[in-house]
2 protein chains.
Amino acid sequence: MARAGLTADRLTQAGAELADEVGFDNVTLSALARLFDVKVASLYSHVTNSHDLKTRIALLALQELADRAADAVAGRAGKDALVALGNVYRDYAREHPGRYAAMHFRLDRETAIASAGVRHSAMTRAILRGYDLAEPDQTHAVRLLGSVFHGFATLELEGGFGNSSPDSQESWTRTLDALDALLRAWPAPD
Amino acid sequence: MARAGLTADRLTQAGAELADEVGFDNVTLSALARLFDVKVASLYSHVTNSHDLKTRIALLALQELADRAADAVAGRAGKDALVALGNVYRDYAREHPGRYAAMHFRLDRETAIASAGVRHSAMTRAILRGYDLAEPDQTHAVRLLGSVFHGFATLELEGGFGNSSPDSQESWTRTLDALDALLRAWPAPD
DNA sequence: CGAAGCTACCTAAATACATTAGGTAAAACT
DNA sequence: AGTTTTACCTAATGTATTTAGGTAGCTTCG
């Protein structure tokens, strides 16, 4: 009986790939066991349970995306940085829909705080340095950008925009234009 | 043996309430059967399977929210209408998180086309009549508004904004202000 | 190099949900 | 009242999760 050589990391990685193929909700320990040609119970030596596996996939995705984002915004500022960051989010969601969904798996507070999730808001805040926003407006803008990026990616993925004209790429470009214009002329409260 | 008096509608309604309590993903036929003190197999006389039940809950939510939205925007225009529509979405997500999640259950194309989902985009388009946007910009704006509403509601629900200052109500108000300003001064493409 | 210990993987069993096939009794209709 | 319809049932199968306890392969150290 040769061993399969499983580790938590290999399971997480395989789980992430599986998520992209069949959807995050359909990532099961059973499916992973089949993949590695191993009995299900054996996986419990590596992850504590199904929830643990999903948490690990979520953390993987958060980190992967944070890395990409950091890379994309490095050396850019203003609209250039905004577009780069937005594209990283949208492209990741399209290339890795399962991992993207995994990122919104509910983490307990400690795990969330220790996760790469914090880097995401930090980076969004960073690109706002190219615009002239003082607190608390900066925080409002961070939340708005997060909402648009996440909302657009989600709706586009689930086909909420239809597949008719104008195509969603066009809408995305114009959305980024609009956000840039908005941030340059951020309105005072009414 | 007195009968429970089940119908597809009663199951759907109970399923929607259950979704709000335990989350849409945790709505199971088993749980519903327990609720009505009936054997699980009995439910298959009323819904064809679990997927069917979830579809029905999704349709219920879409319709319920479309009704509320229609009510809210009636007799309003411009920013007034924008704020009303935005609030309907956000409030529904907070009051009925399970149903809100249900709305994004993937429907097959026919079902989606026959659903109240189409009323949603129609209403968003309607409030844009208060702003001066010609096609295809109007479609881009519809998609942007959808993204912001959905993204904000989702992130707020899952605690993505933290519970620190400034509170999310404040960000929401400012987001609506920002959208209004943006729509009034919609930028031309670069 | 061989014994000791660690651990990766196993079998077995309990629990839960989804689904189908085929039966019985309550309601509805004539 | 008799017949049809149907709401609900029992029984059985398949799949996923999880725990308890065992065995064989790898590592380590005398």
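In what follows, chains carry the letters A, B, and so on, assigned in the order in which the sequence lines appear, proteins first and then strands, with residues in each chain numbered from 1. This one's a predicted model, so the numbers in the text were calculated from it and none came from an experiment.
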Integer-rounded Å distance: C:dC9 C1' and A:Arg10 CZ: 14 Å
Side chain to side chain contact (heavy atoms under 4.5 Å, CB included) against B:Thr175, all qualifying residues, sequence neighbours excluded: A:Leu144, B:Val148, B:Phe152, B:Leu179
With sequence neighbours excluded, residues passing salt bridge (charged side-chain N to carboxylate O under 4.0 Å, His left out) with A:Glu110: none
Contact list for residues 6-18 of chain A, test side-chain hydrogen bond (donor to acceptor under 3.5 Å, both in side chains), sequence neighbours left out: A:Gln13-A:Glu17
Using a cutoff of under 3.5 Å, can you pull out all pairs of nitrogen or oxygen atoms linking the protein to nucleotides 2-6 of chain D, with atom names and distances?
residue	atom	partner	partner atom	Å
D:dT6	O2	B:Arg3	NH2	3.4

Set of salt bridge (charged side-chain N to carboxylate O under 4.0 Å, His left out) partners for A:Arg94, sequence neighbours left out: A:Glu156
Sugar-phosphate or base contact per nucleotide [nucleotides 15-20 of chain D; S, B, -; heavy atom under 4.0 Å]: -SSBB-
Test ring-ring contact (aromatic ring centres under 6.0 Å, His included) applied to B:Tyr92 - qualifying residues, sequence neighbours left out: B:His96
Atom-pair distance (CG on B:Leu43; C1' on C:dC17), nearest Å: 12 Å
Residue-level proximity of residues 12-25 of chain B to DNA chain C when a heavy atom falls under 4.0 Å: none
Listed once per pair and sorted, the salt bridge (Lys or Arg N to Asp or Glu O under 4.0 Å) pairs that draw on residues 137-154 of chain A, sequence neighbours left out: A:Asp137-B:Arg174
Passing option when A:Phe105 is tested against A:Thr55, A:Leu59, A:Asp25 for side chain to side chain contact (heavy atoms under 4.5 Å, CB included): A:Thr55
All salt bridge (charged side-chain N to carboxylate O under 4.0 Å, His left out) counterparts of B:Asp52, not counting sequence neighbours: B:Arg56
B:Lys54 NZ to C:dC17 P, straight-line distance once rounded to whole Å: 12 Å
Residues which pass salt bridge (charged side-chain N to carboxylate O under 4.0 Å, His left out) with B:Lys79, listed by chain and number, not counting sequence neighbours: A:Asp190, B:Asp177
Euclidean distance, atom CZ of residue B:Phe36 to atom P of D:dC9 [Å, nearest integer]: 13 Å
Sugar-phosphate, base or nothing in reach of B:Leu6, heavy atoms under 4.0 Å: sugar-phosphate
Residues B:Thr154 and B:Glu158: side-chain donor-acceptor under 3.5 angstrom: no
Contact under 4.0 Å: B:Ser45 side-chain N or O vs D:dA7 OP1/OP2: no
Gap between atoms CG and P, on B:Leu11 and C:dA18 respectively (whole Å): 13 Å
With B:His150 via ring-ring contact (aromatic ring centres under 6.0 Å, His included) - residues at least two apart: B:Tyr100, B:His104
